[in-house]
K.L.:
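Have a look at this one.
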Amino acid sequence: MKPVIMVVDDEPLQREIIQTILEGEGYQVETAASGHEALALMKKAPADLVLTDLKMTGMDGIELLTAMPRGVVPPPVIIVTAHGTIDSAVEAVRNGAFDYLTKPLDKTRLLLAVRKAGERVAILSENARLKEELYGRFRLEGIIARSPAMRQVIALLQKVAETSSTVMVLGESGSGKELVARAIHYNSPRRSRPFTAVNCAAIPEALFENELFGHETGAYTGAVGRRQGLVEASDGGTLFLDEIGDLPMAMQSKLLRVLQDREVRRIGGKESIRIDVRIITATNKDLEGEVEKGAFREDLFYRLNVVTLDLPPLRERREDIVPLVEFYLQKFSAEFGRPVREVSPEAMRLLIEHRWPGNVRQLAAVMERAILLSDGPVLTRDDVAGRLQARRPVDPSRFELPEDGLDLEAFEKEMIRKALHRTGGMATRAARLLHMSYKAFLYRMEKFGIKSDRQDP
Ligand SMILES: Nc1ncnc2c1ncn2[C@@H]1O[C@H](COP(=O)(O)OP(=O)(O)OP(=O)(O)O)[C@@H](O)[C@H]1O
Ligand SMILES: [Mg+2]
């Protein structure tokens with residue numbers, strides 16, 4: 001496909017000459033007698049390439065260049081200029097023009113410039129398409145998943161979405177559990193039915209039954225009218241029980257009954273109501289540990305844990321960091337109207353290496369603040385570093401001295417080993433983690449006979 005070329009010139013003869021040459025080569029040509037006319041035409045049908053005279057009455061070529069709509073792939077602009085105004089043409093190239101040609105136009109040079117611009121359009125649109133495809137493939141309802149671990153999660157998610165299986169989503173705080181729960185619902189045949197999220201940690205124990213199962217008129221003092229519970233309200237859809245580890249014992253047995261019988265009874269109600277609801281639960285607690293401690297019913301645990309979706313912490317899937325950073329960069333710079341376009345390589349390195357105890361939610365917060373406070377087109381290392389170090393240092397007084405004492409040296413040695421492991425063997429950075437000088441750190445490494453398999457530059 002030959003590109004569509006917009007030829008802009010206020011001299012009719014010049015337009016005609018260029019049109020004839022280009023059409024002779026099979027290009028499709030549109031012409032405009034002014035910058036304004038060109039803009040109006042391109043609004044209706046975008047051109048792939050613009051060839052414009054520099055000096056025109058009204059809007060000149062450079063003004064046209066800057067007024068051009070910026071699509072995914074903005075069309076390259078070639079400026080045509082008379083000999084005397086080459087300086088301005090060079091200026092135009094600095095302002096983003098693709099190339100410039102001097103009058104009188106040489107046919108060979110014209111065609112060469114147009115062909116080069118056409119190739120560039122092809123490359124750029126191919127890039128845009130590939131990028132689109134990449135994100136399209138790995139994103140499901142806005143879930144960014146480039147790492148193999150997350151792609152596995154997505155594959156399992158898609159499979160389970162087709163069914164009505166009960167799903168348990170596990171993962172650290174901020175790792176995307178709720179996002180995944182919603183994605184299951186909205187990719188399932190239940191998508192047009194309600195998705196109800198209940199935070200089990202936020203409902204006072206006394207209100208739980210009422211919230212989940214509802215009540216009949218006069219069921220208890222103060223029960224005004226009848227009320228549907230959340231389980232009933234989710235009929236046909238999905239009930240998401242977040243922080244399931246905080247469900248009170250009394251409620252655990254009631255929930256178990258719902259799962260077994262697939263029906264609910266309102267408080268004070270006589271008959272049971274059949275319900276068809278998919279249950280998804282989430283927790284960042286070690287629920288098996290809770291079962292062992294007797295804080296969570298074992299039978300309920302097995303009922304809920306039919307399919308497990310385990311979200312790895314962000315630090316164990318660092319491939320996702322770059323696309324997440326790019327995603328939040330676009331989102332927040334658009335939201336705040338900030339001209340931040342890119343993240344410097346140093347800043348990116350810092351983001352990739354960070355431990356992210358708060359996972360994706362923390363990364364989003366760091367990006368939000370960094371973009372809000374940055375004042376250039378590039379997010380620098382400093383913009384980001386300040387946000388990362390804001391965490392409070394560990395307070396040593398929080399550590400109890402164990403009953404039968406502690407081998408302080410062994411403790412120190414272990415921390416040094418851990419610091420080195422965390423930094424991939426980089427002693428300078430490991431020293432910084434332990435608030436130590438590089439020399440002091442090396443001294444201790446030697447003292448404890450710890451070797452780093454990597455030398456610092
Ligand atoms: N893979 C991802 N792609 C895009 N956004 C994500 C991803 N994972 C998480 N997020 C975003 O990060 C934020 C936190 O995610 P979410 O609320 O699902 O975490 P959570 O595991 O439920 O956390 P908590 O345990 O603290 O409730 C949300 O804004 C979510 O949209
Ligand atoms: Mg959550």
Side-chain angles (χ1 to χ4, degrees), residues 131-132 134-158 160-161 167-188 195-203 230 238-247 279-287 289-290 296 304-305 307-336 343 351-352 354-372 387-388 391:
K131 210 165 169 177
E132 199 55 41
L134 191 77
Y135 282 99
R137 186 141 33 103
F138 301 143
R139 275 179 66 171
L140 187 77
E141 302 295 325
I143 303 180
I144 290 168
R146 184 177 284 174
S147 64
M150 274 305 283
R151 276 155 63 187
Q152 243 173 336
V153 167
I154 299 287
L156 185 53
L157 186 161
Q158 277 175 306
V160 79
V167 183
M168 183 176 280
V169 189
L170 302 176
E172 286 183 9
S173 174
S175 57
K177 295 186 294 296
E178 176 152 3
L179 186 70
V180 159
R182 285 179 192 275
I184 293 174
H185 174 74
Y186 289 107
N187 284 282
S188 79
F195 173 89
T196 315
V198 181
N199 185 345
C200 299
I203 302 177
L230 293 171
T238 304
L239 179 66
F240 175 48
L241 298 170
D242 204 356
E243 317 281 359
I244 189 73
D246 291 304
L247 193 69
I279 307 246
I280 303 180
T281 60
T283 181
N284 53 20
K285 277 195 181 171
D286 166 23
L287 216 50
E290 297 292 301
F296 201 89
L304 294 176
N305 195 19
V307 177
T308 320
L309 275 180
D310 213 338
L311 294 182
L314 192 54
R315 65 184 161 280
E316 285 172 19
R317 46 179 169 106
R318 296 190 192 266
E319 300 97 313
D320 291 335
I321 295 178
V322 171
L324 280 166
V325 165
E326 282 170 358
F327 169 73
Y328 285 118
L329 180 73
Q330 285 203 357
K331 178 175 146 79
F332 292 126
S333 56
E335 242 168 60
F336 304 143
V343 178
L351 291 166
I352 292 172
H354 192 66
R355 236 182 93 69
W356 301 115
N359 294 293
V360 183
R361 179 178 300 113
Q362 187 194 5
L363 185 140
V366 164
M367 287 300 290
E368 180 173 3
R369 313 229 33 210
I371 288 166
L372 201 58
R387 308 266 67 82
L388 292 181
R391 289 167 52 213

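Indexing begins at 1, ligand by ligand and atom by atom, following the structure's order. For reference, positions follow the sequence shown, starting with 1.
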K.L.:
When you measure from atom 28 (C) of ligand 1 to every protein heavy atom, which one gives the shortest distance, and what is it?
P.N.:
Y328 OH, 4.9 Å
K.L.:
For the pair N187 (side chain) and Q158 (backbone), establish whether a donor and an acceptor sit closer than 3.5 Å, ignoring hydrogens and angles.
P.N.:
no
K.L.:
Could you check if a side-chain atom of L351 sits within less than 4.5 angstrom of a side-chain atom of M367, using non-hydrogen atoms only?
P.N.:
yes
K.L.:
Taking 4.0 Å as the limit for heavy-atom contacts, which would you say applies to V180 with ligand 1: side chain only, backbone only, both, or neither?
P.N.:
neither
K.L.:
Is a side-chain N or O of K177 found less than 3.5 angstrom from the main chain of G171, in a donor-acceptor match?
P.N.:
yes
K.L.:
Taking the side chain as every heavy atom from C-beta outward, state whether M150 and R146 have any atom pair closer than 4.5 Å.
P.N.:
no
K.L.:
Provide, to 0.1 Å, the distance between atom 23 (O) of ligand 1 and the closest protein heavy atom, together with that atom's residue and name.
P.N.:
G174 N, 2.8 Å
K.L.:
Just to confirm my output: which protein heavy-atom neighbour is closest to atom 30 (C) of ligand 1, and how far is it?
P.N.:
L179 CD2, 4.3 Å
K.L.:
Name the closest protein heavy atom to atom 12 (O) of ligand 1, giving the residue it belongs to and the distance to 0.1 Å.
P.N.:
V360 CG1, 3.4 Å
K.L.:
Can you sort out which atoms of ligand 1 are near S175, meaning under 4.0 Å from one of its heavy atoms?
P.N.:
8 (N), 19 (O), 21 (O)
K.L.:
Return the OG1 to CZ distance between T281 and F240, rounded to the nearest 0.5 Å.
P.N.:
8.0 Å
K.L.:
Based purely on interatomic distance, does S173 place a nitrogen or oxygen under 3.5 Å from a nitrogen or oxygen of ligand 1?
P.N.:
yes
K.L.:
Out of all atoms in ligand 1, which are within 4.0 Å of some heavy atom of G142? Include the element for each.
P.N.:
3 (N), 4 (C)
K.L.:
Any chance CD of Q152 has more than 12 other-residue heavy atoms, nucleotides or ligands included, within less than 6.0 Å?
P.N.:
no
K.L.:
For atom 27 (O) of ligand 1, what's the nearest protein heavy-atom neighbour? Residue, atom name and distance, please.
P.N.:
R361 NH2, 3.8 Å
K.L.:
Would you mind listing which atoms of ligand 1 come within a distance below 4.0 Å of any non-hydrogen atom of E178?
P.N.:
18 (O), 22 (O)
K.L.:
Report the distance from atom CD1 of I280 to atom OG1 of T196, rounding to the nearest 0.5 Å.
P.N.:
11.0 Å
K.L.:
Nearest protein heavy atom to atom 20 (P) of ligand 1, by residue and atom, and its distance?
P.N.:
K177 N, 3.5 Å
K.L.:
Report the C-alpha separation of L314 and L324 in whole Å, then their side-chain angles, then the decisive distance to 0.1 Å, and conclude whether the side-chain contact (heavy atoms from CB on, under 4.5 Å) test is met.
P.N.:
CA-CA 10 Å; L314 192 54; L324 280 166; 3.9 Å; yes
K.L.:
As an exercise, identify every atom of ligand 1 less than 4.0 angstrom from a heavy atom of I143.
P.N.:
1 (N), 3 (N)
K.L.:
Any side-chain to backbone donor/acceptor pair from S175 onto E172? Under 3.5 Å, distance only.
P.N.:
yes
K.L.:
Measure the distance from atom 19 (O) of ligand 1 to every protein heavy atom, then report the residue, atom name and distance (to 0.1 Å) of the closest one.
P.N.:
G176 N, 3.2 Å
K.L.:
So is N359 in contact with ligand 1, going by heavy-atom distances below 4.0 Å?
P.N.:
no
K.L.:
Assess whether atom CZ of R315 is packed by more than 12 heavy atoms of other residues, nucleotides or ligands within 6.0 Å.
P.N.:
yes
K.L.:
I need the nearest protein heavy-atom contact for atom 1 (N) of ligand 1: residue, atom name and distance, please.
P.N.:
I144 O, 2.9 Å
